[in-house]
Amino acid sequence: MLKKAKFTLSALVLTTTMFLGACGGSNSDTNGTRSDHEGEKVSFTIGYASGDPAAKKAIADTIQRFMKANPDIKVKDYSENSSSSYLDWLKTKDAVGEFPDLVEMRDTEVFADAGKIVELPSDLVQLLDSPPAVEGKVWNAPLSMNAPQGIIYSKKAYADAGITELPKTYDEFIAIQEKLKASGMTPLVVGGKDIFHMGFWVNKFLIDDVYSKDPNWNSKKTAKKVSFTDENVVQAMTDYKELFKNYVDKGWLSTPDNQTASFLITSKAAQLYSGTWMFSQIEEADPNFEYGFYAVPDRKGKVNIIGLPSPAGWSLSAEVTKDPEKTEAIKKFIRFSSIRSNIRSILRALTEFRLRKRKSSIRPGKPCRWLLI
């Protein structure tokens, strides 16, 4: 999250406050990236997940504005809609020698351990407020801030199963799964082919049973004061196992994240536990599909929403850092993208896209995918 500045979005977008930073400079800043050959442009490639059409448009528009403000820099957009998972897409790009210079990184540890990305330059780290780190190292400039995750459900599936009220406790949530199962519906789809998708439910149970009660559990584990065999951790993992065993689509291990929306709209599953960024994907696939959204309570009826930003966002490839000019151009792009006027343009693009899709104003409480690019 960027330092020093904040503003509250209007009700048209969402009644949520985001903290955004002006990183200095202006849209007309074009110094320091020209090639040694006069008139020759510096170019770099960029890659990001393109499953959300509104987010893809917002990023693509930002790229065009950046190149207009910086005519000596060319950004080559590698992103494309693909049936493959984003992780598989990146692996394919790497295999054919097209790993992006600037890449949206979700599986940070995997690519850091493989030497494909480098730590974020220190002058960019200084712009960030408490950036997520892996073993003390910052690899990413956060790309997005998402609203809490929850259950996205088919209203038709709930009606067909006789479900008239949303759950007030986790036991009531399980009772809903039983009703869906009895009606012949697969209760839940999970995009397990993308490893980050597995973390959604793992985090849910660990937050409910462990971290909501002991935020310092990790440090205590390091000090060997608590254990993975403790009752609260065992309970979390037992709930996780039972949910997958009884209510999750059996093909979850081979299902990529970008196919989960189709499971809902084609009635292959009644529910998806994910984030609000999925709304636009669902509406793009079927504008008439009716769905609802709610957070899953714990056994005592509490909704626990705690946690830290995950290590994900813009990362620089190890290869591009061998070229100082390209590196400076990328750093300029990240700074440009964080200027307040550009962030507002991004949010406007997201909002207008949804207005066109819905042909009405965005419903209150229905947030977009928040981009901090």
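This chain uses plain numbering: 1 for the first residue, then up along the sequence.
Every side-chain contact (heavy atoms from CB on, under 4.5 Å) that Thr327 has, sequence neighbours left out, goes to Leu316, Thr321, Lys331. Not counting sequence neighbours, the partners of Tyr158 by the ring pair (Phe, Tyr, Trp, His ring centres under 6.0 Å) test are Tyr153. Residues passing the side-chain contact (heavy atoms from CB on, under 4.5 Å) test with Ser219, sequence neighbours excluded: Asn216. Contacts of Asn218 classified as side-chain contact (heavy atoms from CB on, under 4.5 Å), with partners at least two apart in sequence or in another chain: Tyr211.
Asp107 places no side-chain N or O within 3.5 Å of a backbone atom of Val110 that could act as its donor or acceptor partner. Side-chain atoms of Lys181 come within 3.5 Å of backbone N or O of Asn246 as a donor-acceptor pair. In this structure a side-chain-to-backbone donor-acceptor pair under 3.5 Å is present from Asn70 to Phe66. Panel note: side chain Ser79, backbone Tyr48; a donor-acceptor pair is recorded below 3.5 Å. Between the side chain of Glu119 and the backbone N or O of Lys137, no donor-acceptor pair lies under 3.5 Å. Side-chain N or O atoms of Thr186 include none that pairs as donor or acceptor with a backbone N or O of Leu188 at under 3.5 Å. A donor-acceptor contact shorter than 3.5 Å is absent between the side chain of Asp230 and the backbone of Asn232. In this structure, Ser212 contributes its side chain and Ile207 its backbone to a donor-acceptor pair below 3.5 Å.
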Discussion item. Side chain to side chain contact (heavy atoms under 4.5 Å, CB included), that's the test. Do Val42 and Lys74 meet it? Break it down for me.
Written reply: CA-CA 6 Å; Val42 176; Lys74 180 175 178 59; over 6 Å; no
Discussion item. For a side chain to side chain contact (heavy atoms under 4.5 Å, CB included) check, start with the C-alpha distance between Gln64 and Val75, then their side-chain angles and the critical distance, and finish with the verdict.
Written reply: CA-CA 8 Å; Gln64 292 303 314; Val75 183; over 6 Å; no
Item to complete: Would you check, one step at a time, whether the test salt bridge (charged side-chain N to carboxylate O under 4.0 Å, His left out) holds for Lys193 with Asp88?
Response: CA-CA 9 Å; Lys193 188 175 181 180; Asp88 287 343; 3.4 Å; yes
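Annotation: side chain of Lys300 is not in contact with side chain of Tyr170 (no heavy-atom distance under 4.5 Å). Here the side chains of Leu264 and Ile282 are in contact, with some heavy-atom distance below 4.5 Å. Side-chain contact between Phe228 and Lys221: present, with at least one pair of heavy atoms (C-beta onward) separated by less than 4.5 Å.
Ring pair Phe200/His197 is tilted by interplanar angle, where 30° to 60° counts as tilted. Classification of the Trp201-Phe173 ring pair by plane angle, with boundaries at 30° and 60°, yields tilted.
Side-chain contact, Tyr86 with Glu104: no donor N or O sits under 3.5 Å from an acceptor N or O. Under 3.5 Å, the side chains of Asp101 and Thr45 contain a donor-acceptor pair of N or O atoms. Between the side chains of Glu283 and Tyr291, at least one donor N or O sits under 3.5 Å from an acceptor N or O. Side-chain contact of Asp208 with Asn304: a donor-acceptor pair under 3.5 Å is present, judged by distance alone.
Cluster annotation: Val234 and Met237 are assigned to distinct hydrophobic clusters (Ile/Leu/Val/Met/Phe/Trp/Tyr, side-chain heavy-atom contacts under 4.5 Å, transitive). Under a hydrophobic clustering in which Ile, Leu, Val, Met, Phe, Trp and Tyr are joined whenever their side-chain heavy atoms come within less than 4.5 Å, directly or via other members, Met185 and Tyr294 fall into different clusters.
Between Asp160 and Lys179 there is no salt bridge, since none of the side-chain N atoms of the basic residue sits less than 4.0 Å from a carboxylate O of the acidic one. In summary, Asp94 and Lys116 engage in a salt bridge, as defined by a charged side-chain N under 4.0 Å from a carboxylate O. Taking 4.0 Å as the cut-off between side-chain N and carboxylate O, Arg65 and Asp61 do not count as a salt-bridged pair. Salt bridge status for Lys155 with Glu290: absent, with no side-chain N to carboxylate O gap under 4.0 Å.
Rounded to the nearest 0.5 Å, atoms CH2 (Trp89) and OG1 (Thr92) are 9.5 Å apart.
Heavy atoms of other residues, nucleotides or ligands lying less than 6.0 angstrom from NZ of Lys268 number 12 at most. Residue Glu98 qualifies as enclosed at atom CD: its count of foreign heavy atoms under 6.0 Å is above 12. Other residues, nucleotides and ligands place no more than 12 heavy atoms under 6.0 Å from the NZ atom of Lys245.
Annotation: ring pair (Phe, Tyr, Trp, His ring centres under 6.0 Å) contacts involving residues 110-134, sequence neighbours excluded, comprise Phe99-Phe111. Residue pairs meeting the salt bridge (charged side-chain N to carboxylate O under 4.0 Å, His left out) criterion with at least one member in residues 233-242, sequence neighbours excluded, are Asp239-Arg299.
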